[in-house]
There are 2 protein chains.
Amino acid sequence: MKQGQIPTLKQIAKRLKLSTSTVSRALKDHPSIGLVTTMRVKKLAAELNYEPDNRAIFFKQQKTFTIGVVLPNLSEAFFSTAISAIEDMATAHNYTVILGQSLDDEARELKILESFKKHRVDGIIVSLSKNTNNFDFIETFQKMNIPVVFFDCVPDREDVYRIVSDLETGMIEAINTFVSCGHNRIALINGPESLLASKQREEGFIKGLKSNDINVNRDYIFHTNLSEKGNQEAVEELLSLVDRPSAVICFSDYVTLDAMKLVREKGLVINQDIFFISFANFPIWNHIENKPMASIEQFPGKQAEKAAEILFDLIKEDETNKGNHIIYPSRLIHLDSSKQTSL
Amino acid sequence: MKQGQIPTLKQIAKRLKLSTSTVSRALKDHPSIGLVTTMRVKKLAAELNYEPDNRAIFFKQQKTFTIGVVLPNLSEAFFSTAISAIEDMATAHNYTVILGQSLDDEARELKILESFKKHRVDGIIVSLSKNTNNFDFIETFQKMNIPVVFFDCVPDREDVYRIVSDLETGMIEAINTFVSCGHNRIALINGPESLLASKQREEGFIKGLKSNDINVNRDYIFHTNLSEKGNQEAVEELLSLVDRPSAVICFSDYVTLDAMKLVREKGLVINQDIFFISFANFPIWNHIENKPMASIEQFPGKQAEKAAEILFDLIKEDETNKGNHIIYPSRLIHLDSSKQTSL
DNA sequence: CTGTTAGCGCATTCAT
DNA sequence: ATGAATGCGCTAACAG
């Protein structure tokens with residue numbers, strides 16, 4: 001009574017006095033099956049609401065038509081945009097997506113990867129947790145022939161497929177913008193030093209300053225572990241400098257939110273006493289007073305889409321070495337600040 | 001050479017000169033297998049890095065140990081909190097989660113459900129798109145014995161499992177708060193009339209006014225389709241009333257963001273000329289100047305967790321009719337407004 | 001305590 | 001153009 005309803009190939013075959021193979025082929029428009037038979041089969045299949053049982057197909061084909069995606073945090077607009085892009089690509093390829101949030105916790109990330117492995121996903125897309133230091137899992141999946149593609153937060157190794165945003169372009173635009181507004185005391189609140197993303201920001205920062213003939217002052221480079229507390233500590237330090245910076249570039253929009261909050265509490269006026277530019281360009285800025293001057297767009301959708309594209313190529317074993325390091329430029333987006341100075 | 005590495009039960013059995021069933025049982029600590037044998041099997045399995053092939057297990061057990069979740073939009077904090085809760089529950093039950101975003105598009109929602117059906121998920125959790133009117137899919141899944149649980153945005157039918165937040169409690173608190181601050185011209189910017197959630201808000205609104213002996217003025221109830229344009233139109237109307245409301249309750253924090261933006265552009269000062277309370281309580285308020293007075297928390301995590309709990313009960317066929325309509329109270333959260341009036 | 005056997009639903013190879 | 005036979009990896013009923 002339970003599953004009695006769900007029709008199988010065999011049932012269709014019996015009802016039509018055909019063999020399962022004929023039915024199977026008819027359903028797939030195999031050329032060697034007669035038109036009449038094909039029609040009869042399809043008709044009954046439609047009537048019975050037949051659906052092939054994916055479980056059997058997965059088993060037979062040694063595939064699951066499923067990819068796994070590990071992200072730090074869905075609540076960040078950056079990643080929800082990314083996952084939407086991946087989902088769309090997956091749908092287009094007739095794949096489904098299983099998901100895990102690492103919440104920037106290395107152990108949790110590993111558990112998710114474990115579960116993907118057990119699930120026998122056909123491929124994996126990862127944007128690393130900010131605290132991941134152990135990359136042994138890469139070898140594990142290599143051995144199992146499960147392709148892995150990284151994006152955004154990627155390991156600092158050459159032997160992987162990875163897609164990143166070139167943070168230098170946006171960073172240099174940011175500095176040029178600040179300089180053209182007359183700033184020369186420009187600070188950077190950077191992320192954890194272990195991150196490739198932080199390294200790249202710092203390189204761009206220094207390059208940008210140099211190209212504007214500004215001395216690089218190491219005291220103007222701060223680091224945060226990206227927690228609210230860490231962000232505030234960095235800002236406290238920054239504000240207590242005798243020669244306080246007038247312009248600040250933050251690792252991300254979240255860092256900027258924390259920074260601006262503290263700055264306001266200290267009685268300083270944003271976009272008057274101190275100016276901000278940050279990374280990520282999240283959509284909410286347009287609804288906020290006293291936003292940063294600009295934010296650097298990293299095109300999460302594009303990055304994720306490319307990651308999915310490469311992954312599906314790898315799954316299809318088109319191992320056309322189309323370069324396993326893709327870099328997209330980032331771009332500075334000026335936020336409408338017409339209301340900012342009117343306060 | 002490809003899959004040659006991946007060990008199976010059979011291989012372990014051959015190497016150990018045992019039968020596959022013995023190996024299978026040993027790996028599961030079946031009591032009828034001798035300790036020595038169990039040890040030998042486990043040792044070799046560990047050496048070979050054996051992992052059972054879920055595809056075969058799915059097939060054999062007629063299950064996928066996978067649940068599907070359909071949500072409107074991952075980028076809303078409400079839903080990303082919800083999905084985290086579901087994920088945690090799923091992990092605890094050894095299940096994986098496949099995900100789809102409807103983006104409030106009925107057709108897209110249906111496609112996602114289709115794909116879940118093909119994937120033979122063991123159960124489904126849905127928070128409906130704001131534009132869904134056709135609920136035929138409920139019958140389809142019923143027929144296939146795939147349990148479905150709704151939360152937050154649920155169908156207005158009795159014969160389904162659903163978990164919602166009781167919007168009335170929060171709504172009444174909101175009105176009481178406004179009244180105690182001296183407001184009596186209180187407006188509601190509500191969502192689409194077709195939504196159960198809108199209906200409930202309106203009921204609470206009217207109840208709250210009545211209990212405070214305030215006449216219900218129908219002109220103070222507005223509707224928006226929740227698009228930015230719709231939100232703004234509602235606010236335009238509201239502001240153009242001769243007897244302009246001094247206090248506004250909005251359908252959600254997103255509506256409030258749009259509303260406050262427009263209000264500012266009109267030169268009005270928030271928390272002085274006009275006051276807001278809204279639904280959802282998203283985390284970013286604490287980082288924003290000129291936030292609403294309060295926001296009504298709907299506990300997405302709790303709702304989602306409960307939905308998952310019920311779903312897993314249904315999957316296990318513990319069809320203990322533990323009530324298929326669960327309601328959690330909502331609660332007004334006062335936002336720290338110390339900085340608000342100091343501008 | 002351990003082995004043998006059968007079968008889940010489907011795709012496929014080999015016959016006819 | 002169609003059918004029969006096989007096997008994917010695993011579990012479980014049955015047999016010893």
Side-chain angles (χ1 to χ4, degrees), chain A residues 2-42 44-45 48-65 94 117-122 144-145, chain B residues 2-42 44-45 48-65 94 117-122 144-145:
Chain A
K2 210 93 261 252
Q3 319 268 19
Q5 334 280 23
I6 299 180
T8 67
L9 279 189
K10 204 191 283 181
Q11 293 176 27
I12 299 186
K14 190 164 18 163
R15 293 249 242 147
L16 258 34
K17 302 204 187 302
L18 291 168
S19 73
T20 58
S21 24
T22 306
V23 177
S24 169
R25 286 187 279 237
L27 255 13
K28 305 194 136 49
D29 289 308
H30 194 285
S32 76
I33 301 294
L35 186 57
V36 235
T37 318
T38 304
M39 297 298 275
R40 285 178 62 218
V41 169
K42 286 202 172 179
L44 183 60
L48 295 182
N49 237 308
Y50 171 77
E51 303 242 23
D53 186 339
N54 270 345
R55 288 169 296 213
I57 297 177
F58 291 173
F59 179 46
K60 178 73 183 168
Q61 321 248 306
Q62 298 281 64
K63 284 189 151 205
T64 50
F65 300 99
N94 263 305
K117 195 171 66 181
K118 279 203 289 211
H119 206 276
R120 292 285 207 268
V121 294
D122 294 341
M144 297 187 71
N145 261 301
Chain B
K2 209 95 264 245
Q3 319 268 20
Q5 334 280 23
I6 299 180
T8 67
L9 278 189
K10 205 191 282 181
Q11 293 176 27
I12 298 185
K14 202 189 324 184
R15 293 248 244 147
L16 257 35
K17 300 200 187 307
L18 290 168
S19 73
T20 57
S21 28
T22 306
V23 176
S24 169
R25 287 187 279 238
L27 255 13
K28 304 191 140 48
D29 288 311
H30 193 288
S32 76
I33 301 293
L35 187 56
V36 235
T37 319
T38 304
M39 297 299 274
R40 283 179 64 219
V41 170
K42 287 202 172 180
L44 184 58
L48 294 181
N49 236 308
Y50 170 77
E51 303 244 21
D53 187 339
N54 269 345
R55 288 168 299 212
I57 296 176
F58 292 172
F59 178 47
K60 177 73 181 171
Q61 320 250 322
Q62 297 282 65
K63 285 190 149 202
T64 50
F65 299 99
N94 263 305
K117 195 171 66 183
K118 280 202 290 212
H119 206 277
R120 292 283 207 272
V121 293
D122 295 341
M144 297 187 71
N145 261 302

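Each chain gets a letter, A, B and so on, in the order its sequence line appears, and its residues count up from 1.
- Partners of B:Asn94 according to the side-chain contact (heavy atoms from CB on, under 4.5 Å) rule, which considers only residues two or more places apart in sequence or in another chain, do not exist here.
- Rounded to an integer number of Å, the gap from A:Arg55 CZ to C:dG7 C1' is 15 Å.
- Other residues, nucleotides and ligands contribute only 12 or fewer heavy atoms inside 6.0 Å of the NZ atom of A:Lys118.
- Side-chain atoms of A:Gln61 and B:Arg55, non-hydrogen and from C-beta on, never get closer than 4.5 Å to each other.
- Taking B:Phe65 as the reference, B:Tyr95 meet the ring pair (Phe, Tyr, Trp, His ring centres under 6.0 Å) condition, with sequence neighbours excluded.
- Taking only side-chain nitrogens and oxygens, B:Ser32 never comes nearer than 4.0 Å to OP1 or OP2 of C:dC1.
- B:His119 places no side-chain N or O within donor-acceptor distance of the main-chain N or O of B:Val121, the cut-off being under 3.5 Å.
- Dashed line: the shortest gap from a side-chain N or O of A:Thr37 to OP1 or OP2 of D:dT2 is under 4.0 Å.
- Heavy atoms of A:Lys63 sit nowhere under 4.0 angstrom from any nucleic acid atom.
- Taking 4.0 Å as the cut-off between side-chain N and carboxylate O, A:Asp29 and A:Lys42 count as a salt-bridged pair.
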Take nucleotides 8-16 of chain C nucleotide by nucleotide from the 5' end and write B, S or -, depending on whether a protein heavy atom sits under 4.0 Å from the base, only from the sugar-phosphate, or from neither.
BBBBBB---

